[in-house]
There are 2 protein chains.
Amino acid sequence: MATIRDVAKLAGVSVATVSRVINKSGYVNKETEQSVQQAIKMLNYEPNKVARGLASKKTETIALIMPDISNPFFAELARAVEDVARTYGYTVLICNSDNESDKEQTYINVLKKRYVDGILFATHSLQAADISAMNDAGIPLVILDRAPAEASCYVVRSKNYEGAKLAVRHLLDAGCKKIAHIYGPQDTATGKERMLGYEDSVRHFDWFSPSLMVPGHFRINGGMDAVEELMARHPDVDGIFAGNDLMALGAMKKLKQMGLSVPDQVALCGFDGIELTVITEPELTTIAQPIYDIGALSTRLLVKKIEGVAVDNQIYEFDVELIARGSSRKDMKTP
Amino acid sequence: MATIRDVAKLAGVSVATVSRVINKSGYVNKETEQSVQQAIKMLNYEPNKVARGLASKKTETIALIMPDISNPFFAELARAVEDVARTYGYTVLICNSDNESDKEQTYINVLKKRYVDGILFATHSLQAADISAMNDAGIPLVILDRAPAEASCYVVRSKNYEGAKLAVRHLLDAGCKKIAHIYGPQDTATGKERMLGYEDSVRHFDWFSPSLMVPGHFRINGGMDAVEELMARHPDVDGIFAGNDLMALGAMKKLKQMGLSVPDQVALCGFDGIELTVITEPELTTIAQPIYDIGALSTRLLVKKIEGVAVDNQIYEFDVELIARGSSRKDMKTP
DNA sequence: GTGAAAGCGCTAACAG
DNA sequence: CTGTTAGCGCTTTCAC
């Protein structure tokens, strides 16, 4: 591989000039630039990223720290992140935190030693203290799914609260008389806000009881277990709003196993809009977030921040959308 | 951040000695080592990976090039890769090729400029020429799902042919009288070998016809379309072996939409064993590969190769396992 | 406009 | 066993 020195020699200039040409920094005479470009072409020269990283402390690398890439939500997100990062010439490192903050700390530490340019956090174990520590360390970050207030950095999120209300209203419209909620971890903004949206929508009904809310840990199995407990407590539940699609998928499965038909006996609505919501029969009604767009915007923001481009808001909030499908079409069956 | 020079100064030794200590290379007196360690602790020193990368041309980074991380199979694989890589102190870069060889070439080029230590290929657009080019360039690689013969480097794969035979036999045992196959891309070893396994299992039956084989492109939609075409051609098909789980999931969906019951009217078997095979009702019967183990072993092999440790075989072939579930339990319903 | 030179932080001969 | 020194390939003052 040719080095900058080879190019300089061939073009009959100094390495500084070559550097100026490839970085478009500083003035350089049209003609000399031409000959440098020619030399570059001749030698098929491409700057070494590692050397550049050491000298400039910029590696054109970003890291995506998330709980688990094998969770379809994060896999879809990661795809968007990588797509956008690539268009900017950035490369992406993946980190699975399992939401354990020590793992996360270890990653952060490693990433610093690697001169990673910025970090995209899609995990909730990150503490406010960590955020300001990163800020102090001067390492740009963008955080997903934080509460609006917590922002001392860019936050990209969806309207969880409104989405939850949308879900409940939809189930009511579909004719549900008693709606339960399977909730996600309450130390996450998503879990908390979606639950609050549910509560605020139903607390005034006389059928409401706090025991209609059951945890499901955002996982398929969690959804299954939750349904079991729920139907034991309240056999008359005829609608369930799950805090994410995986739990809703688990719920659907368990309901069918219990011989309860979806949506006729129990209508179901999830949250997120992952692609797999269409593989069940009936398909899963869900409150969809624009997952790809979220990943894409987050990455774009991160890159802007890294490159020192000013961006207006600190918080970007996406609208969510009800996608009504078979799992909640009670109305169509009861004319 | 402290540098190696700071440590050397504090410990009263040269940077070379510090380097020896942190790399455990060469001899160094117990006592000096102690004081170096102490200085390291005092300063909270951690070697800078970028500088080390430039000097040694080893970055402790590997890349995973695959078609698409949002495909659950690859997401599960990526999780395993990252887990194992981390235990060795390696970091993983993700690359989505969409099986387009120009994207792949671009990645390879970028990865070289970044001194990536090794590459794990889980994509089939890589040509034999590329493989030897990489070999010549001295960059270690491990390839997934190649044919045994193609190996001029480490190959990790599963018994696709045998698995396909297993699938067909299982469907026959379940009472199927006419079994179709939805096949994956024929430029992939997996697609090809699984189809061959199917053909060799059924070609001697008088009901067999090549029109029982329909392409599904390894995708959900492909599986759906395939079923539509298949049932139009052969309404009496009562068993389908799909070349992967996503197509099988699509097939199940379409069958239900067409009012055909699974498994009673059509039994179904997929291939891969992704986690999502359990979310449908009935659950999907599948020929499971040990996806996590495959990713884990591949990574381990790659790291060994990078670190110059001798490993015996060039080809590692995993057994597959029939997981018989609801989608093929015809027998249980017809006593 | 351009070049010389001093690093970035670490590794790896080569002496001693 | 340990220190000196010359890079790795590039960026970036600072003169000219």
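Throughout, a chain's letter reflects where its sequence line sits, starting with A, and its residues are numbered from 1.
Atom CZ of B/R20 is separated from atom P of D/dT5 by 15 Å (rounded to the nearest Å). As a whole-Å value, the separation of A/Y115 OH from D/dC10 P is 17 Å. When rounded to the nearest whole Å, the span between CD of A/E31 and P of C/dT2 equals 9 Å. Here the P atom of nucleotide D/dG9 and the NZ atom of B/K112 are 15 Å apart, to the nearest Å. When rounded to the nearest whole Å, the span between CZ of B/R5 and C1' of D/dT5 equals 12 Å. In this entry the distance linking CD1 of A/I4 with P of D/dG7 reads 18 Å, nearest Å. Whole-Å rounding puts the A/Q34 CD to C/dG1 P distance at 15 Å. Between B/K30 atom NZ and D/dT2 atom P the separation is 12 Å, expressed in whole Å.
An OP1 or OP2 oxygen of C/dT2 is reached within less than 4.0 angstrom by no side-chain nitrogen or oxygen of A/T17. Contact between the side-chain N/O atoms of A/T3 and the OP1/OP2 oxygens of D/dG9 is not found at any separation under 4.0 Å. A/K57 has a side-chain polar atom (N or O) that falls below the 4.0 Å cut-off from OP1 or OP2 of C/dG9. Between B/R52 and C/dT11 there is a side-chain polar atom (N or O) within less than 4.0 angstrom of OP1 or OP2. Look at B/N48 and you won't find any side-chain N or O under 4.0 angstrom from OP1 or OP2 of C/dC8. An OP1 or OP2 oxygen of D/dT2 is reached within less than 4.0 angstrom by a side-chain nitrogen or oxygen of B/T32.
Between atom CD of residue B/E33 and atom NZ of residue B/K24 there is a gap of 7.0 Å, rounded to the nearest 0.5 Å. The CD1 atom of B/I143 sits 10.0 Å away from atom CE of B/M134, with the distance rounded to the nearest 0.5 Å.
Checking A/N23 against B/Y27, the closest nucleotide of DNA chain D that is more toward the 5' end is the one next to B/Y27. Looking at which nucleotide of DNA chain D each of B/S56 and B/E33 is closest to, the 5′-most match is held by B/E33.
Partner B/D117 forms a side chain to side chain contact (heavy atoms under 4.5 Å, CB included) with one of B/V303, B/T59, B/L111 and no other, that one being B/T59.
Ranking C/dA5, C/dG9, C/dA12 by closeness to the A/V15 side chain, first place goes to C/dA5. Nearest to the side-chain atoms of A/S14 among the listed nucleotides C/dG1, C/dC10, C/dG3 stands C/dG3. In the set C/dT2, D/dC10, D/dC8, the nucleotide with an atom closest to the side chain of B/L54 is D/dC8. Counting only heavy atoms from C-beta on, A/V13 has its side chain closest to C/dG3 among D/dC10, D/dT2, C/dG3. Considering only the side chain of A/Y45, D/dC10 comes nearest among C/dT2, D/dC10, D/dT4. The listed nucleotides are C/dA4, D/dG3, D/dC10; the one nearest the side chain of A/A16 is C/dA4.
Base contact: A/S19 has a heavy atom under 4.0 Å from a base atom. No engagement by A/V18 is indicated, since no non-hydrogen atom pair under 4.0 Å with the nucleic acid exists. A/S25 comes within 4.0 angstrom of nothing in the nucleic acid, heavy atoms only.
Counting heavy atoms of neighbouring residues, nucleotides and ligands inside a 6.0 Å radius, atom NZ of A/K9 does not exceed 12 of them. Taking a 6.0 Å sphere around CE of B/M42, one finds it holds 12 or fewer heavy atoms contributed by other residues, nucleotides or ligands.
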Next item on the list: Show your working on side chain to side chain contact (heavy atoms under 4.5 Å, CB included) between A/R114 and B/T61 and close with a plain yes or no.
Entry: CA-CA 10 Å; A/R114 289 182 177 273; B/T61 304; 3.0 Å; yes
